[in-house]
Structures are given as C-alpha cells and as structure tokens.
Amino acid sequence: MARILIIEDETAIAELERDYLELSGYEVTIAGDGLAGKRAALEGDYDLVILDLMLPGSDGFEICKAIREAKDIPILMVSAKKDEVDKIRGLGLGADDYMTKPFSPSELVARVKAHLQRYERLVGSGIRENKVIETRGLRIDKTARRVFVNGEEKAFTTKEFDLLTYLAENPNRVFSKDELFRAIWDMDSVGDIATVTVHIKKVREKIETDTSNPQYIETIWGVGYRFKA
Ligand code: CA
C-alpha cells in the first residue's frame with residue numbers, strides 16, 4: 001500500500017484529502033505545519049507528498065527543495081492562489097504537479113494515482129538510481145540515507161548524516177563552524193557552533209579508523225573543517 005504524506009495547515013482540507021485518499025486504499029499521514037512536515041518528509045518512508053505552499057514554520061518552497069535534494073518521490077504542490085502556482089512552476093523546484101485550491105478531491109486522487117504509477121514504473125525499470133558519494137572506503141548513499149565504512153554500515157542521526165554529506169559533497173573546501181551550523185541546522189534551532197564540534201566528533205568516531213589522525217574530515221586550526229577528497 002502506498003504511503004502518502006499531506007503537509008497542510010488547514011485541518012479541514014487536510015482531512016478531506018485524507019478521507020478520499022484512504023477510501024482509495026492509501027495510507028495517509030497529516031503534518032499540520034512546515035517544520036513537522038519537512039521532518040516527516042525527510043525522515044519518513046513516504047511514496048508521495050502533497051505539499052501546501054503557504055505553511056507556518058517552513059514554507060512549501062523550502063520543503064519542496066529539501067525533499068528534492070534528498071529523494072525523488074513525487075511531490076504534488078497545492079496553493080490557494082493561481083499566480084503562486086505559476087510562480088512555483090517557473091522556479092523549477094522539482095515538484096511533479098501543481099493544483100490550485102479549491103480542487104475536487106476526486107481529481108486529487110486521480111493525479112496521485114497517476115504519479116504513483118509513473119513513479120513505480122521508473123523505480124521498476126531501474127532508471128531511478130541511488131545517489132552515492134564514494135571516497136576511498138567511505139560510501140554515502142544519499143537516497144537511502146545510509147553510510148558504509150569499508151562495507152560496514154554505520155548508524156547516523158539525521159544531522160550527522162547531513163553534516164557528513166554536506167562536507168563530502170564539497171570536498172577540499174574549508175568551512176567554518178558558523179557556515180556549517182547555518183547550512184545544516186534550521187535557523188531557529190537551539191544550539192550554536194559548539195553543536196558543530198560535537199557532531200564532527202561523533203561523525204569521526206564512526207568513519208575514522210584513528211580519530212586523532214582523521215583521513216576524511218580534517219581540522220583546519222582556527223578556521224574550520226575540510227573533507228579530504
Ligand atoms: Ca496553508
């Protein structure tokens with residue numbers, strides 16, 4: 001059974017969508033604001049996301065971009081304003097479809113069905129490949145969000161994974177703790193650059209053979225960190 005995530009702050013709309021989708025046999029989860037929605041979309045195992053544009057917490061633009069960077073599941077964006085829909089289409093954020101509210105629930109179901117079928121065809125034909133970063137014995141599977149060190153899988157928290165991936169995708173570039181904090185943590189996160197130090201330490205413990213002589217993440221004293229390609 002396909003799993004669908006609805007990110008929508010208007011409860012009545014979210015519940016109407018859910019009821020129709022459940023009647024069609026889908027398993028549905030609702031997230032009522034942007035932050036919860038973004039977290040659910042990135043950490044949960046969903047086959048399709050229905051994403052409202054105007055949300056408290058984190059707006060649909062940002063969420064769409066974040067999902068697209070991590071996953072290639074279909075994203076169906078909805079907005080109350082037609083001109084907003086035209087605008088998001090123009091931005092090329094990677095949403096698969098757009099709908100203007102109000103729309104008929106049966107039209108929503110029809111579109112969801114079409115996108116899931118198309119997505120399954122892509123997955124089934126092997127066109128969809130996992131995005132993988134490999135450096136020496138380190139293998140980061142971005143799609144599955146899994147990390148292997150010399151073939152052995154290591155368990156990573158979301159932020160540890162994001163931090164390692166960010167550094168590995170920008171090899172040989174030195175980042176200050178400040179830059180890393182801004183890139184990986186939400187602006188409203190509790191914490192500061194000490195959080196970065198703690199996470200770097202944890203990541204090293206997982207990927208380095210000798211943490212006092214790191215082979216992947218180097219400390220550039222007084223500046224920050226660099227991933228060695
Ligand atoms: Ca809204």
Side-chain angles (χ1 to χ4, degrees), residues 1-120 122 142-143 145 158-159 161-162 166 181-191:
M1 190 198 302
R3 299 186 65 206
I4 296 170
L5 174 66
I6 297 173
I7 307 177
E8 169 67 70
D9 58 315
E10 283 166 76
T11 312
I13 294 179
E15 288 177 351
L16 181 70
E17 293 174 355
R18 181 193 59 198
D19 292 349
Y20 271 83
L21 290 165
E22 282 182 350
L23 278 174
S24 306
Y26 299 113
E27 199 181 313
V28 181
T29 303
I30 296 173
D33 68 68
L35 289 176
K38 187 173 166 186
R39 199 174 309 125
L42 294 178
E43 294 174 10
D45 182 22
Y46 296 100
D47 300 294
L48 182 143
V49 179
I50 297 171
L51 175 61
D52 183 31
L53 182 62
M54 302 306 285
L55 292 160
S58 178
D59 73 21
F61 291 107
E62 199 192 317
I63 299 173
C64 183
K65 202 168 149 262
I67 299 174
R68 198 38 88 230
E69 280 171 7
K71 303 179 176 206
D72 55 6
I73 53 173
I75 303 170
L76 218 157
M77 282 192 98
V78 298
S79 170
K81 293 185 190 147
K82 167 121 188 13
D83 54 344
E84 291 284 359
V85 171
D86 293 340
K87 197 170 126 198
I88 49 183
R89 206 188 290 269
L91 284 173
L93 289 172
D96 297 85
D97 206 349
Y98 308 90
M99 293 182 85
T100 311
K101 292 186 211 171
F103 45 78
S104 78
S106 49
E107 189 187 349
L108 175 73
V109 171
R111 292 208 195 181
V112 163
K113 207 177 217 171
H115 283 290
L116 283 171
Q117 278 169 357
R118 194 176 61 89
Y119 179 63
E120 275 156 24
L122 287 178
K142 280 188 68 189
T143 312
R145 295 182 68 85
T158 303
K159 292 302 180 198
F161 182 88
D162 292 345
Y166 188 76
F181 186 74
R182 269 184 274 124
I184 310 297
W185 279 265
D186 294 325
M187 298 305 276
D188 54 355
S189 277
V190 181

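Whatever order the structure lists ligands and atoms in, that order sets their numbers, starting from 1.
- The number of heavy-atom neighbours closer than 6.0 Å to CE of Met54, taken from other residues, nucleotides and ligands shown, is 12 or below.
- Listed by chain and number, Asp9 OD1, Asp52 OD2, Met54 O are the protein N/O/S atoms closer than 3.0 Å to the Ca ion (ligand 1), with waters left out.
- Within 6.0 Å of the OH atom in Tyr166, the count of heavy atoms belonging to other residues, nucleotides or ligands exceeds 12.
- Residue pairs meeting the salt bridge (Lys or Arg N to Asp or Glu O under 4.0 Å) criterion with at least one partner in residues 98-114, sequence neighbours excluded, are Glu8-Lys101, Glu10-Lys101, Asp52-Lys101, Asp97-Arg111, Glu107-Arg111.
- Every salt bridge (Lys or Arg N to Asp or Glu O under 4.0 Å) that Glu69 has, sequence neighbours left out, goes to Lys65.
- Not a single salt bridge (Lys or Arg N to Asp or Glu O under 4.0 Å) links Glu17 to another residue, sequence neighbours left out.
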Inset, instruction - Start with the C-alpha gap between Asp33 and Arg39, add the side-chain angles, then the distance that decides, and say whether salt bridge (Lys or Arg N to Asp or Glu O under 4.0 Å) holds. - result: CA-CA 10 Å; Asp33 68 68; Arg39 199 174 309 125; over 6 Å; no
